[in-house]
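Notes to accompany the following structure.
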Amino acid sequence: MIRLGLCCMFQEQPIKFQTTTATSLAKMKRDDALAKLNRLCLANAEALLAALHYCSEHEIGCFRINSQILPIKTHPACGYQISDLPDGEEILRRFQDCRTLAERHRLRTCFHPDQFVVLNSPRPDVVEKSIQELEYQAEVAEWVGADVVNIHVGGAYGNKSQALADFSRNLDRLSDRVRIRLTIENDDQTYNPADLLPVCHQSGVPLVYDVHHHRCHPDLFSVEEATELAWGTWNREPMFHLSSPVNGWDGPQPKHHHDYIDVQDFPDCWRQKTLTVEVEAKAKELAVGKLWAELTLRGTWFVYIVRCADDSLYTGITKDIPRRLTQHNAGTASRYTRSRLPVALVYQEPQENQSLALKREAVIKKFSRPQKELLIQSCRPV
């Protein structure tokens with residue numbers, strides 16, 4: 001079972017999470033600042049509840065909670081404990097309501113702390129602040145039932161082996177509440193799966209396999225091999241990351257994320273697994289919905305018609321229309337279209353199985369040219 005995950009916010013839905021700045025709070029009296037933070041935390045708890053309701057109603061199986069769900073929580077001057085807020089007990093209760101809702105609908109929740117969380121930094125103050133941030137997010141994770149707090153390892157600082165050793169050593173400074181949720185992720189320029197798997201095996205910290213990052217920063221492992229190796233580090237349902245490059249894999253800046261996911265970037269070896277896949281795409285819930293629809297249809301057989309460069313029509317069947325179109329235009333799909341490139345998809349209709357698809361294909365192939373054009377114009381089966 002594939003569980004798709006939505007990351008932090010919405011593109012079109014009126015569900016918003018609020019924050020503030022330390023600069024604005026510093027200008028206020030402490031009581032006034034706490035009152036403002038109280039309002040924000042209450043509003044964010046309600047927004048999280050609304051987000052989980054949306055996920056449960058739209059086949060979204062996981063929601064990544066914004067790191068600033070409790071704004072400025074660990075700031076050295078403006079930070080606070082939940083007990084400092086006027087409605088601290090009520091805020092806690094509302095977050096616990098989120099846990100109840102998530103459990104009722106079998107939703108997963110998780111955290112992905114910001115980039116300033118760097119456990120292997122050579123600066124002790126950065127490490128200390130990172131630990132404080134992880135402890136705060138693990139505390140909220142405990143309230144809402146989140147089982148993942150995912151981080152990047154950090155920099156190499158001129159000595160990758162030493163940097164990994166520093167990371168492993170600082171794990172011992174984390175509370176059990178953090179350790180049971182902590183995961184690490186391969187990145188797109190410093191640490192690939194081959195670098196991190198030994199750390200995972202030694203520390204017991206699972207690997208969140210980011211396939212986009214791996215394609216940008218490869219090692220000797222194939223996607224299939226890395227999937228299995230990362231899978232083996234988990235003692236619960238694995239969580240992986242998926243995104244697509246904004247300009248395609250042959251375009252500039254392949255590290256940059258697209259608004260949507262190209263369904264062909266979804267590894268085939270993931271499809272039969274029980275797995276959470278966080279969709280890291282700028283279109284947020286729209287991207288998750290589109291990917292879900294395409295993954296669902298991808299197992300369906302289709303009858304399709306393409307228009308060739310000479311305006312002739314070709315009818316075929318496939319389980320994966322985007323891939324079949326690519327094959328046609330590469331000259332590897334059929335002898336007929338090979339000499340009539342390029343082709344363009346003009347019609348498609350789903351069928352329950354291959355047998356029905358073949359029968360429907362035979363019917364359409366017997367149509368006259370005017371009948372086929374009418375079918376194309378109607379955009380529905382005739």
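Quantities reported herein were computed from a predicted structural model and do not represent experimental measurements. What you see below is based on every heavy atom in this structure, not just the backbone, and it leaves out hydrogens, waters and symmetry mates.
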Q | Side chain to side chain, Gln11 and Asp259, heavy atoms closer than 4.5 Å | A | no
Q: Check whether the side chains of Ser168 and Gln202 place a donor and an acceptor atom closer than 3.5 Å, and report yes or no.
A: no
Q: Flag the pair Arg369 and Asp311 as a salt bridge only when some basic side-chain nitrogen lies within less than 4.0 angstrom of an acidic carboxylate oxygen.
A: yes
Q. From Glu280 CD over to His213 NE2, what is the distance, rounded to the nearest 0.5 angstrom?
A. 6.0 Å
**Q.** Test item: side-chain donor near acceptor, Arg324 and Thr318, under 3.5 Å
**A.** no
Q) Is it true that a side-chain atom of His152 and a backbone atom of Gly154 form a donor plus acceptor pair closer than 3.5 Å? A) no
Q | Sole candidate of Gln68, Arg64, His112 that passes side-chain contact (heavy atoms from CB on, under 4.5 Å) when paired with Cys8 | A | Arg64
(Q) If the threshold is 4.0 Å, N to carboxylate O, is there a salt bridge linking Arg3 and Glu237? (A) yes
(Q) Could you check whether Asn353 and Ser355, counting side-chain N and O atoms only, form a donor-acceptor pair closer than 3.5 Å? (A) no
Q) Regarding Glu349 and Gln351, is there a side-chain donor-to-acceptor distance under 3.5 Å anywhere? A) yes
Q. Quick one: does Arg99's side chain have a donor or acceptor within less than 3.5 Å of a partner on Phe95's backbone?
A. no
Q | For Glu128, all residues meeting salt bridge (Lys or Arg N to Asp or Glu O under 4.0 Å), sequence neighbours excluded | A | Arg173
Q) Taking only residues two or more places apart in sequence, or in another chain, which ones meet Arg106 in a salt bridge (Lys or Arg N to Asp or Glu O under 4.0 Å)? A) none
Q: Please examine the side chains of Gln327 and Thr332, heavy atoms only from C-beta on, and report whether any two atoms are closer than 4.5 Å.
A: yes
(Q) Show me the pairs that pass side-chain hydrogen bond (donor to acceptor under 3.5 Å, both in side chains) and involve residues 34-50, at least two apart or across chains. (A) Thr20-Lys36, Asn38-Asp87, Glu46-Arg94
(Q) Please check: side-chain N/O of Asp188 versus main-chain N/O of Cys216, any donor-acceptor pairing under 3.5 Å? (A) no
Q) Got a sec, which residues hit salt bridge (Lys or Arg N to Asp or Glu O under 4.0 Å) with Glu133, two or more places apart in sequence or on another chain? A) none
Q | Pairing residues for Ala51 by the side-chain contact (heavy atoms from CB on, under 4.5 Å) criterion, not counting sequence neighbours | A | Phe10, Ile15, Phe17, Phe63
Q | Value rounded to 0.5 Å, distance of CG in Leu37 from OG1 in Thr19 | A | 9.0 Å
**Q.** Euclidean distance, Ser243 OG relative to Asp210 CG, rounded to 0.5 Å
**A.** 5.5 Å
Q: Sequence neighbours left out, what passes side-chain hydrogen bond (donor to acceptor under 3.5 Å, both in side chains) with Asp195? Give chain and number order.
A: Lys160
Q. So His58 and Tyr54, would you call those rings parallel, tilted or perpendicular, with 30° and 60° as cut-offs?
A. parallel
Q: Would you check if Val211 and Phe240 make a side-chain contact, meaning some heavy-atom pair closer than 4.5 Å?
A: no
Q: Check the hydrophobic clustering (I, L, V, M, F, W, Y; side-chain heavy atoms under 4.5 Å; chains of links allowed) and say if Phe167 and Ile180 are grouped together.
A: no
Q: Indicate whether the side chain of Ser244 and that of His258 have a donor and an acceptor atom separated by less than 3.5 Å.
A: no
(Q) Treating Thr100 as the side-chain partner and Gln96 as the backbone partner, does any N or O pair qualify as donor plus acceptor under 3.5 Å? (A) yes
Q. Between Ser312 and Tyr336, does any side-chain donor sit less than 3.5 Å from a side-chain acceptor?
A. yes
